[in-house]
Trainee: 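Here you go, one structure.
A, B, ... follow the sequence lines: proteins, then strands. Residue 1 opens every chain.
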Amino acid sequence: MTEETKEVKSLNFLEEIVENDLREGKSGGRLLTRFPPEPNGYLHLGHAKSICLNFGLAQKYGGQTNLRFDDTNPITEDTEYVDSIKADVRWLGFEWAAELYASDYFAQLYEFAKKLIQQGLAYVDDSTAEAIASQKGTPTEPGQDSPFRSRSIEENLALFEGMKDGKYPDGSRVLRAKIDMASPNMHFRDPVIYRIKHAHHHRTGDQWCIYPMYDFAHGQSDSIEQITHSICTLEFIPHRPLYDWFIQKLDIFPSHQYEFARLNLTYTVMSKRKLKQLVEEGHVAGWDDPRMPTLSGVRRRGYTPEAIRDFCERIGVAKRDNLIDVGLLEFCVREHLNKIATRVMVVLDPDPIKVVITNYPEGQTEELSIENNPEQPEEGSRNVTFSREILVEREDFMENPPKKFFRLAPGNRVRLKGAYIIECNEVIKDSDGKVTELHCTYVPESKSGSDTSGLKVQGTIHWVNAATALPVEVRLYDRLFQVEDLNEAEGDFKDHLNPNSLEIVHAFAEPSLKEASGTYQFLRKGYFCLDSDSSSDRLIFNRTVGLKDSWAKDQKKK
RNA sequence: UGACCGAUGGUGUAAUGGUAACACAGGAGAUUUUGGUUCUCUUAUUCAGGGUUCGAAUCCUUGUCGGUCAACCA
């Protein structure tokens, strides 16, 4: 494709804003974004969208991105989360210009608050939380002024200092901005900007007992760092006028806030609160349970950073609510894994069928060479052992097959992947009528790669050598929830958990998997990766995602 | 029913007053030693009414529907 015919990719609305600002020389042609997680939980795919957006924008337009922890609430925050967040951002493939903390600015923020008081734009309120809430009014009725609203500047200054000095207990007083109790924007009704919390902070320790609220920390932090584009999700739209109001009254660097629609995925919850609940109530094994939409979960599941970045690219960025089909994520994962995954043969059925090749000499074995990845011939090949007795999937045999069943059936011929064509001659059953063995004959001239038999078969199936098969544990995951749209679902979200989201099977793998590492395609089955629960004598694989299966889909339709 | 935000195939995202397109999903076929991959073809879209205009998904207006906002959370 030439440069001229190459399609120009259209810009999303944020790229347009950035291009415009850069063109007009705003902020001196500088671009600085930030990714501002609160260290009170693990990152999930929704954060991945935000990370790709913030870091991606900076990358594309020659800017930079800060990683800033929004750590203004010491009660819920912890260094455990700081560490996991940093690891997740790096894993996704991004490097920040600076690692910063809102708590770095506590002293500066305190001065900002005093400045507001001095302008008569903030006051200390002794009301209880309940009183403040009831004075707030409702979206359709104006609020009432607090009885403490008209304190003098001097008194406010003294009380605020007292708050800082630890003279008052938690909850006894707050600092409020003095704006407009009748504003149609609830956030303008004298928002609380500082509260007392005698709590240990993960970074500042016991240095502070007053902590700024989000609205008095986030925009100011952006401004201190001279963030040019502060990108957040839609629910912060009503905060924007407040964000601008503080910057104007404080007369500090004018960062600007822009909002985009958060990611929603079908069959998934994407809220830190709900994910935390799943972990704490034991519905999953932890934040990194492979069924979780957390970055640590999908990583353990075998998703690659490339696939997630591709996904974030494909879902786009806009301002309308969305619900993305989880099938798109799976598409992205398959697309990447198809290119990189080593192919191996594993019989997943814990109760496989033994196939005896009756015309293959007893005791004889031979090594057959099989390609590691047809998509990447340079990945070379490996040997697998063939012998008189092999194991195949029970579902690859049918005694009375429908037409178009291309696998094993009485009188049918199939190709054993990388080996020979065999024909099924006899079905052996136990007293209950259950198939225990298939007696087949192989075609010696049909050896893979040097087939002179002239035979054409419709199906190829995978197999493992019975004598040397390696027992492994395989964890098959299904969607965590049974309903597509959790936001629309009735009742508690946990009522819709899928009881079959994890199935553990004991499978039979080709011996090459003994030294497993990385990502595999189990031929005809899906993509799998070694789980961290594995030990040298007990290998455990996670199914990342299944292969597309048009046969199964056709069967389902009928 | 106060303010704010939004509405384009099944799902997302484009089209920036000039032929409604791309991806996923769906369907049909070809290729294939994975019923995978790849390739070809294909179904399906502007919330409604009114207005401006030679021309409207786009601008104006009214309405409808959806979302957000009343934490000493972020």
Trainee: Could you tell me the separation between the NZ atom of A/Lys164 and the C1' atom of B/C72, rounded to a whole number of Å?
Mentor: 20 Å

Trainee: Mark up nucleotides 35-48 of chain B, 5' to 3', with B wherever a protein heavy atom is under 4.0 angstrom from a base atom, S wherever such an atom reaches only the sugar-phosphate, and - elsewhere.
Mentor: BBS-----------

Trainee: Considering only the C1' atoms, how many Å lie between B/A25 and B/U11, rounded to the nearest integer?
Mentor: 7 Å

Trainee: With rounding to the closest Å, how many angstrom separate the P atoms on B/A71 and B/A57?
Mentor: 44 Å

Trainee: From the options B/C69, B/G27, B/A70, select the nucleotide whose nearest atom is closest to the side chain of A/Thr138.
Mentor: B/A70

Trainee: Between B/C72 atom C1' and A/Asp170 atom CG, what is the distance in whole Å?
Mentor: 9 Å

Trainee: How does protein reach along nucleotides 3-8 of chain B, written 5' to 3' as B (base within reach of a heavy atom under 4.0 Å), S (only sugar-phosphate), or - (no contact)?
Mentor: SSSSSB

Trainee: In sequence, state the C-alpha distance, the side-chain angles, and the governing distance for A/Asp190 and A/Lys178, and then conclude on salt bridge (Lys or Arg N to Asp or Glu O under 4.0 Å).
Mentor: CA-CA 5 Å; A/Asp190 289 10; A/Lys178 190 194 275 191; over 6 Å; no

Trainee: I'd like the C1' distance from B/A23 over to B/U45, given in whole Å.
Mentor: 15 Å

Trainee: So A/Gly143, base contact, sugar-phosphate only, or nothing? Heavy-atom distance under 4.0 Å.
Mentor: nothing

Trainee: In whole Å, measure the gap between the P atoms of B/G10 and B/U43 for me.
Mentor: 15 Å

Trainee: Any salt bridge between A/Arg314 and A/Glu335, counting N to O under 4.0 Å?
Mentor: yes

Trainee: Side chains of A/Leu100 and A/Tyr105, heavy atoms from C-beta outward: is any pair under 4.5 Å?
Mentor: yes

Trainee: Identify whether the distance between the nearest side-chain nitrogen and carboxylate oxygen of A/Glu423 and A/Arg413 falls below 4.0 Å.
Mentor: yes

Trainee: How many whole angstroms separate atom CD of A/Glu15 from atom C1' of B/A14?
Mentor: 12 Å

Trainee: According to a strict under-4.0 Å criterion, is A/Lys417 in side-chain N/O contact with OP1 or OP2 of B/U32?
Mentor: no

Trainee: Of the nucleotides B/A70, B/A74, B/U11, which one has an atom closest to the side chain of A/Glu38?
Mentor: B/A74

Trainee: Between A/Glu510 (side chain) and A/Met345 (backbone), is there a donor-acceptor pair under 3.5 Å?
Mentor: yes

Trainee: Taking CD from A/Glu393 and P from B/U34, how many angstroms apart are they, rounded to a whole number?
Mentor: 16 Å

Trainee: Of the nucleotides B/G2, B/A14, B/G26, which has the atom closest to the A/Ala318 side chain?
Mentor: B/A14

Trainee: If you assign each of A/Leu416 and A/Val174 to its closest nucleotide in RNA chain B, which residue comes earlier from the 5' end?
Mentor: A/Leu416

Trainee: Taking C-beta and beyond as the side chain, do A/Arg543 and A/Lys525 meet within less than 4.5 Å on heavy atoms?
Mentor: no

Trainee: So do the side chains of A/Val414 and A/Ile421 get within less than 4.5 Å of each other, counting heavy atoms only?
Mentor: no

Trainee: Of all heavy-atom pairs between A/Val174 and A/Ile132, which one has the smallest distance, and what is that distance?
Mentor: CG2-CD1, 3.8 Å

Trainee: Closest nucleotide of RNA chain B for A/Met186 versus for A/Glu488: which of these residues is on the 5' side?
Mentor: A/Glu488

Trainee: Quick one: do A/Arg195 and A/Asp170 make a salt bridge, cutoff under 4.0 Å?
Mentor: no

Trainee: At under 4.0 Å between heavy atoms, what does A/Thr266 touch on the DNA or RNA strands: base, sugar-phosphate, or nothing?
Mentor: nothing

Trainee: By the 4.0 Å heavy-atom rule, please label A/Val317 as base, sugar-phosphate, or nothing.
Mentor: sugar-phosphate

Trainee: Is there a salt bridge (Lys or Arg N to Asp or Glu O under 4.0 Å) between A/Lys447 and A/Glu366? Walk through the geometry before answering.
Mentor: CA-CA 11 Å; A/Lys447 182 169 173 173; A/Glu366 68 184 293; 3.4 Å; yes

Trainee: How long is the line joining CD1 of A/Ile75 and P of B/C72, in whole Å?
Mentor: 14 Å

Trainee: Mind checking the C1' distance from B/A56 to B/C47? Whole angstroms is fine.
Mentor: 16 Å

Trainee: Could you work out the separation of B/C24 and B/G51 based on their C1' atoms and round it to a whole Å?
Mentor: 38 Å

Trainee: With rounding to the closest Å, how many angstrom separate the P atoms on B/U52 and B/U58?
Mentor: 15 Å

Trainee: For A/Leu275 and B/A74, what is the distance between atoms CG and P respectively, to the nearest whole Å?
Mentor: 19 Å

Trainee: In whole angstrom, give the distance that lies between atom NE2 of A/His201 and atom P of B/A74.
Mentor: 10 Å

Trainee: Select base, sugar-phosphate, or nothing to describe what A/Tyr194 touches, counting heavy atoms under 4.0 Å on all strands.
Mentor: nothing

Trainee: Tell me, what's RNA chain B's dot-bracket, Watson-Crick or G-U with both distances under 3.5 Å, | for other-strand, [ ] crossing?
Mentor: .((((((..((((....[..)))).(((((.......)))))....(((((..]....))))))))))).....

Trainee: Using the C1' atoms only, state how far B/C73 lies from B/A20, rounded to an integer number of Å.
Mentor: 44 Å

Trainee: When we call it a touch if two heavy atoms are under 4.0 Å apart, what does A/Ser127 touch: a base, just sugar-phosphate, or nothing?
Mentor: base

Trainee: Could you go step by step and tell me if A/Leu116 and A/Ile193 meet the side chain to side chain contact (heavy atoms under 4.5 Å, CB included) rule?
Mentor: CA-CA 11 Å; A/Leu116 231 41; A/Ile193 58 177; 4.1 Å; yes

Trainee: Nearest whole angstrom, please: distance from the C1' of B/U33 to the NE2 of A/His462.
Mentor: 14 Å

Trainee: Salt-bridge test for A/Glu235 and A/Arg262: reply yes if a basic N is under 4.0 Å from a carboxylate O, no otherwise.
Mentor: yes

Trainee: Check whether the side chains of A/Asp71 and A/Ser103 place a donor and an acceptor atom closer than 3.5 Å, and report yes or no.
Mentor: yes

Trainee: Testing A/Tyr110, A/Tyr123, A/Tyr168 one by one against A/Phe160 for a ring-ring contact (aromatic ring centres under 6.0 Å, His included), which residue passes?
Mentor: A/Tyr110

Trainee: Establish whether the base of B/U1 is bridged to the side chain of A/Thr140 by a donor-acceptor pair shorter than 3.5 Å.
Mentor: no

